[in-house]
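A short worksheet on the structure shown next.
The analysis underlying the following values was restricted to heavy atoms, covering all of them including side chains, and did not include hydrogens, waters or symmetry mates. Since the structure is predicted, the reported quantities are computational estimates derived from the model, not experimental observations. We count ligands from 1, going down the list as the structure has it; atoms in each ligand are counted the same way.
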Amino acid sequence: MLIDYSLRMPKNIFAGENALEQLDSILAGSIKKVVIFTDKGVLNAGLTEIPKQILAHKGIEYTIISEIPAEPNYHQAQEIVNQFKEEKADFIIAVGGGSVMDVAKLASILATDDYTVKDLLDSPLLAKKQVATLMIPTTAGTGAEATPNSIVAIPEKELKVGIVNPEMIADYVILDGRLIKKLPKPIAAATGVDALCHAIECYTSTKANPFSNTFALEALDLIMNNIIEACTNPEALKAKNNMLLGSFYAGVAITSSGTTAVHALSYPLGGKYHIPHGVSNAILLTPVMRFNEPVIKEQLAVVYDRVVRGGNPQLAADEKSKAILAELERIVEVLEIPTSLKSFNVPEHDLEGLVEAGMQVTRLLVNNRREVTPEDARNIYLEVL
Ligand SMILES: NC(=O)c1ccc[n+]([C@@H]2O[C@H](COP(=O)([O-])OP(=O)(O)OC[C@H]3O[C@@H](n4cnc5c(N)ncnc54)[C@H](O)[C@@H]3O)[C@@H](O)[C@H]2O)c1
Ligand SMILES: [Zn+2]
């Protein structure tokens, strides 16, 4: 039975059409040196230009660290943290997707002491916030701008792991739809489905509570009603803004409850085969939700009533729940995200290794409303092999 629950959020959140210009007021204090964290894709898309102009206009010294790889492992994250330490900066601006924001968060708590990223893998709570952070997501998205999590791969274990430390929650967040305007469709689709997974997993999590439900339901409404337009129509700025809001809300929901078996079974697919996080979640979304259906019908019926425009409130919970599962499946299909591991050359003889690795993600499996046994995990992976 749920007893205690809590909610943590970034301290200052700016959203809207010209939200990025709010950087000017954020930088109004005594900030002397800023490091902008980003990656090559985001840099080449010109998304650091406005922040750079504002910094230059205010006469604040800044450096750009743009070598952050997609879905970094903990060695790569450490290299970036080392680079950051040399800059002796007092403010971090992360402009990018989850990969960039997650490394920036680690840097913010490892700036001046001797702990390493590896130390945090063993004891995540060791470090405290040393440098204030501003997160500007350019995907919609991981919700990393809202969460206290940083996800890194552990190559020797062929797994991805979440370092969770409340000190990593951002001080400032800017949600500006212009930044995802030119997001290439495959990235928009996969990262959008990641946000969708966060919302539906949090809403059906054993740790779901009044706080997380509020954010997860609103996220589901925003995401399910905007994802296709946002991903397929470059001019759909309203739908894109709604996706940014939805992915942020889903991130808040993660912070209060937590994701479940989709994310748990997805981590080995990222760790071993380097399948992008959103894609591996999209592959597992339908099989895991169908597996969970017998115990989450009631929740899915509430989702139906909230998100389906012109739906029939008289339908039985069973039918409402089926309709939501069908809609999740349709979204992945329409967005042309892979629905199986076939295109990723995952050999069948790797199945037992996958099951073993997936079952290690107990941090998230305990949140799943239906117990997942190794046999169940095997069946779910077999379905998508
Ligand atoms: N911290 C959390 O709470 C949390 C939650 C979910 C996932 N994650 C992690 O986040 C990472 C994935 O992040 P992601 O899905 O946002 O992708 P990403 O940050 O890895 O970016 C994917 C690619 O998209 C490009 N890109 C990003 N924004 C762009 C834009 N606006 N225009 C053009 N190109 C752009 C990047 O250059 C990169 O090549 C994974 O490591 C995942 O495990 C973290
Ligand atoms: Zn995710």
Looking just at side-chain N and O atoms, do [X] and [Y] make a donor-acceptor pair shorter than 3.5 Å?
X    : Y    : answer
S321 : E293 : yes
T232 : K185 : no
D376 : T373 : yes
H263 : D194 : yes
Q78  : N82  : yes

Next item on the list: Begin from the C-alpha positions of S256 and N209 and carry the test side-chain hydrogen bond (donor to acceptor under 3.5 Å, both in side chains) through to its verdict.
Entry: CA-CA 8 Å; S256 186; N209 62 69; 3.2 Å; yes
Checklist line | Region of I254 that comes within reach of ligand 1 [heavy atoms, distance under 4.0 Å] | finding: neither
Next item on the list: Please state which part of E71 comes within less than 4.0 Å of ligand 1, counting heavy atoms only: side chain, backbone, both or neither.
Entry: both
From the options [options], select the one whose nearest heavy atom is closest to [atom].
atom                    : options          : answer
atom 40 (C) of ligand 1 : K160, H198, M101 : K160
atom 34 (N) of ligand 1 : A146, G192, P184 : P184
atom 35 (C) of ligand 1 : T147, I180, L183 : L183

Polar proximity ligand 1 side, [X] side, N/O cut 3.5 Å exclusive:
X    : answer
S150 : no
D194 : no
G98  : yes
K40  : no
D102 : yes
V100 : no

As an exercise, identify every atom of ligand 1 less than 4.0 angstrom from a heavy atom of [X].
X    : answer
I151 : 4 (C), 8 (N), 9 (C), 43 (O), 44 (C)
T139 : 16 (O), 27 (C), 28 (N)
T191 : 14 (P), 15 (O)

Looking only at protein heavy atoms, which one is nearest to [atom], and what is the separation?
atom                    : result
atom 37 (O) of ligand 1 : D39 OD1, 2.8 Å
atom 5 (C) of ligand 1  : T142 O, 3.4 Å
atom 23 (C) of ligand 1 : I187 CD1, 3.9 Å

Inspect the contact between [Y] and [X] and indicate whether a charged nitrogen and a carboxylate oxygen are less than 4.0 angstrom apart.
X    : Y    : answer
K11  : D171 : yes
K272 : E158 : yes
R290 : E329 : yes

Note to self: Any protein heavy-atom neighbour for atom 21 (O) of ligand 1 (distance below 4.0 angstrom)?
What the structure shows: no
Next item on the list: Side-chain contact test, heavy atoms from C-beta onward, threshold under 4.5 Å: evaluate it for Y62 versus I93 and give yes or no.
Entry: no
Note to self: Distances under 2.8 Å only: what protein N/O/S atoms are near the Zn ion (ligand 2), ordered by chain and residue?
What the structure shows: D194 OD1, H198 NE2, H263 NE2, H277 NE2
Margin query: Using side chain to side chain contact (heavy atoms under 4.5 Å, CB included), reason through L217 and V303 one step at a time and then give a plain yes or no.
Written below: CA-CA 7 Å; L217 263 187; V303 174; 4.2 Å; yes
Item checked: Residues that H75 engages under side chain to side chain contact (heavy atoms under 4.5 Å, CB included), provided they are two or more places apart -> N73, P155, E156
Item checked: Contacts of A250 that satisfy side chain to side chain contact (heavy atoms under 4.5 Å, CB included) - sequence neighbours left out -> H198, A199, A219
Tabulate below the donor-acceptor pairs under 3.5 Å that side-chain atoms of residues 51-58 make, not counting sequence neighbours, or state none.
| from | atom 1 | to | atom 2 | distance (Å) |
| --- | --- | --- | --- | --- |
| K52 | NZ | E49 | OE2 | 3.1 |
| K58 | NZ | D24 | O | 3.2 |

Note to self: To the closest 0.5 Å, what do you measure between OG (S340) and CD1 (I283)?
What the structure shows: 6.5 Å
Checklist line | Between Y273 and F344, ring centroids under 6.0 Å | finding: no
Check: Of all the heavy atoms in H263, does at least one lie under 4.0 Å from an atom in ligand 1?
Finding: no
Next item on the list: Give a yes/no on ligand 1: does G96 have at least one heavy atom closer than 4.0 angstrom to it?
Entry: no
